[in-house]
Amino acid sequence: MMSEYESDAGQTASKQWRFPSAYTVLIVITVLVWLLTWIIPAGHYTLQDGRPVAGSFHVTDHPLPADKHILELFLAPVNGLYGIENAEGHVGPYESGSVFGAIGVFFYVLSLGAFIVTTTKTGAIDACLGHVAQRFRQRGGVLIVMVMLLIAIGGSTYGMGEETLGFYALLVPLLLGLGFDRMTAVGVILVGSVVGNMNSTVNPFMTGAASAGAGVPLGSGIGLRFIMFIVLTALSIAYVVMYSRRVKRNADHSVVGFTAEDRDLAKAQLQLPQPMTGPQKAVMAAFAGTFIFMIFAIVPWAQVIVGPAAPSWSWQLDWYFPELTALFLIMSMVTGLLGGMRGNDLYNAMLAGIADFMGAALVIVLARGITVIMHNAQVTDTVLHSMEGVVSGASSGLFTIMMYLIIMPLSFLVPSSSGLATLAMPVLAPIADFAGVGREMVVTAFQCSVGTIAMISPTSAIVMSGLALAKVSYPRYLLWVLPLLAIQAVAICLFLVAGATLS
């Protein structure tokens with residue numbers, strides 16, 4: 001979405017250059033990677049317990065004849081969805097062996113879409129936010145903390161992002177009426193969403209896709225990520241609250257100022273949402289309970305508490321994508337029924353959710369297709385070997401910081417977190433084996449890096465559309481948020497070093 005500030009420059013949206021979509025970027029990368037596999041030599045590492053042994057890389061003959069190599073380009077999306085890896089390590093749609101494609105993540109994302117959209121269509125989520133705003137209307141600071149925390153939790157658990165765009169119409173007038181400015185609303189909504197995604201605990205588009213690509217359980221590393229969520233969310237909330245208090249004490253401290261429209265909105269009698277109904281409360285209880293149960297089901301409790309080699313306890317579920325897909329499909333129907341949906345209304349809501357999330361699911365498939373091209377050409381180990389020398393001798397803490405920095409430019413190039421995770425994790429995660437660091441630390445570094453860029457990226461719909469809705473210019477927002485990003489980056493690096501050392 002183009003902001004009014006860009007329109008004022010006298011350019012129409014049709015004449016302005018736009019960053020290519022994630023689909024375009026991934027298709028271009030697919031072709032480039034396929035071309036490079038004709039040039040890059042094939043090679044292999046010796047594996048021990050499924051992990052490459054440092055110094056064991058050796059060059060091999062190219063495994064594919066020319067005709068099959070050409071076919072790899074066209075089969076990439078198919079293999080990315082349901083490719084099967086045979087005993088010789090080749091991935092194809094007609095092989096026998098283990099699933100290599102992203103079909104598990106694909107259906108998981110679609111089922112989550114059905115769950116989220118069905119719950120949203122009941123009106124319970126908007127009513128919950130409105131109820132919080134109404135209850136704490138006379139306590140502005142508490143209101144900011146509560147709403148920002150709820151949005152951050154949504155980002156950390158199910159990737160709340162574009163869904164927050166609807167909150168500007170409610171919160172901008174409300175916060176103006178309480179003596180705050182439009183930048184405060186941006187801080188509450190935009191920063192709250194991004195910091196939640198940055199410190200994701202079980203977000204399927206961030207942690208789920210990255211863990212799948214890294215070959216580690218979804219719950220691996222969740223303890224560190226939960227602590228990071230608490231600390232970094234608290235830092236972000238404190239930053240927004242301190243700014244809002246300065247503005248309320250003295251309007252001259254506002255970085256965006258106040259317009260005549262702002263004053264009219266502040267004086268207007270705000271029509272606050274009605275209190276939550278009984279069915280809406282039941283929906284929110286089921287909604288929150290689903291994510292709480294999901295966390296319980298995926299965390300490897302014995303391995304976290306006792307040690308990585310400990311056997312699972314009898315009550316430990318060890319769920320993964322298939323079970324979670326079933327969970328969200330069932331709970332989609334439960335929340336819809338609790339919200340008063342019946343028959344076609346319920347089915348249409350679930351189908352709408354699947355349709356809304358199909359784009360994200362297809363991005364994962366396209367990205368996995370690139371991985372299959374590299375895998376079948378046997379160049380993945382060659383790429384790893386080129387990076388092995390960079391991390392050899394590096395301390396575990398330095399390695400995680402390097403990962404944090406390396407992923408930043410990649411995140412700008414591929415704006416889809418799930419697509420980038422599916423594309424980059426199979427290459428980046430094994431490097432941790434050479435550095436003696438758990439692969440879950442690469443997952444943590446990945447999502448922190450993606451979140452850092454997502455906070456300021458001009459290619460992000462959440463950033464640019466949110467700023468347009470709040471009527472805040474991008475340059476002013478950038479100057480306001482950069483100090484917070486610097487604070488977050490320092491805290492992230494400290495956490496990464498500590499986590500790598502402990503792992």
Side-chain angles (χ1 to χ4, degrees), residues 3 5 129 132-133 136-155 160-161 164-165 167-199 228-259 261-263 265-266 270 451-458 460 462-492:
S3 73
Y5 303 97
L129 183 64
V132 172
F136 295 99
R137 183 183 176 190
Q138 303 303 322
R139 292 175 283 174
V142 177
L143 172 66
I144 290 172
V145 172
M146 292 295 295
V147 176
M148 197 169 175
L149 180 60
L150 287 174
I151 292 175
I153 291 173
M160 176 183 278
T164 62
L165 296 178
F167 298 159
Y168 285 94
L170 170 67
L171 287 181
V172 169
L174 178 59
L175 292 175
L176 287 172
L178 295 176
F180 305 121
D181 66 350
R182 292 178 178 270
M183 188 65 81
T184 303
V186 171
V188 171
I189 301 172
L190 176 55
V191 174
S193 170
V194 175
V195 78
N197 282 271
M198 177 190 297
N199 300 284
M228 292 180 68
F229 171 81
I230 294 174
V231 174
L232 289 170
T233 302
L235 287 173
S236 301
I237 291 176
Y239 186 84
V240 175
V241 169
M242 287 190 293
Y243 169 77
S244 67
R245 287 178 175 174
R246 290 198 304 269
V247 171
K248 189 166 186 177
R249 285 195 300 264
N250 187 345
D252 293 336
H253 289 159
S254 171
V255 299
V256 293
F258 293 89
T259 65
E261 179 188 3
D262 294 343
R263 297 186 185 95
L265 285 173
L270 299 178
T452 298
I453 296 300
M455 192 83 78
I456 59 174
S457 176
S460 169
I462 300 174
V463 173
M464 301 311 292
S465 297
L467 293 178
L469 290 170
K471 297 184 179 179
V472 171
S473 71
Y474 178 72
R476 289 184 182 273
Y477 167 72
L478 199 61
L479 291 174
W480 177 82
V481 81
L482 282 178
L484 173 60
L485 272 185
I487 295 170
Q488 289 178 340
V490 172
I492 287 169

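The first residue of the sequence shown is numbered 1, and numbering continues consecutively from there.
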Worksheet item: Minimum heavy-atom separation for V247 to S254, with atom names?
Response: CG2-CA, 3.8 Å

Worksheet entry | CE on M148 to CG on L190, rounded to 0.5 Å | 9.0 Å

Worksheet item: What are the two closest non-hydrogen atoms of V188 and I151, and how far apart are they?
Response: O-CD1, 3.9 Å

Worksheet item: Do R182 and Y477 touch side chain to side chain, with heavy atoms closer than 4.5 Å?
Response: no

Fill in: Distance-minimising heavy-atom pair for V195 and A152
CG1-CB, 4.2 Å

Discussion item. Is any side-chain heavy atom of I492 closer than 4.5 Å to one of M198?
Written reply: yes

Item to complete: Report yes if some heavy atom in the side chain of L143 is under 4.5 Å from a heavy atom in the side chain of L175; otherwise report no.
Response: yes

Fill in: Distance (rounded to the nearest 0.5 Å) between L482 CG and I487 CD1
11.5 Å

Worksheet item: Quick one: CD1 on I189 to OG1 on T184, what's the gap to the nearest 0.5 Å?
Response: 11.0 Å

Practice prompt. Mind listing the closest non-hydrogen atom pair of A251 and F258 along with its distance?
Written response: CB-CE1, 3.7 Å

Worksheet item: Okay, side chain of N197, backbone of S193: is any donor-acceptor separation there less than 3.5 Å?
Response: yes

Under 3.5 Å, sequence neighbours excluded: what are the donor-acceptor pairs made by side chains of residues 237-244?
unit_1, atom_1, unit_2, atom_2, d
Y239, OH, W480, O, 2.4
Y243, OH, D181, OD2, 2.5
Y243, OH, V255, N, 3.1
S244, OG, V240, O, 3.4
S244, OG, V241, O, 2.7

Worksheet entry | Under 3.5 Å donor-acceptor, T233 side chain and F229 backbone | yes

Practice prompt. Compare all side-chain heavy atoms of V463 with those of I456 and state whether any distance is below 4.5 angstrom.
Written response: no

Discussion item. Looking only at the side chains, is there a donor atom on one of Q488 and S236 sitting less than 3.5 Å from an acceptor on the other?
Written reply: yes

Discussion item. How close do G451 and V194 get, counting heavy atoms only, and between which atoms?
Written reply: O-CG1, 3.3 Å

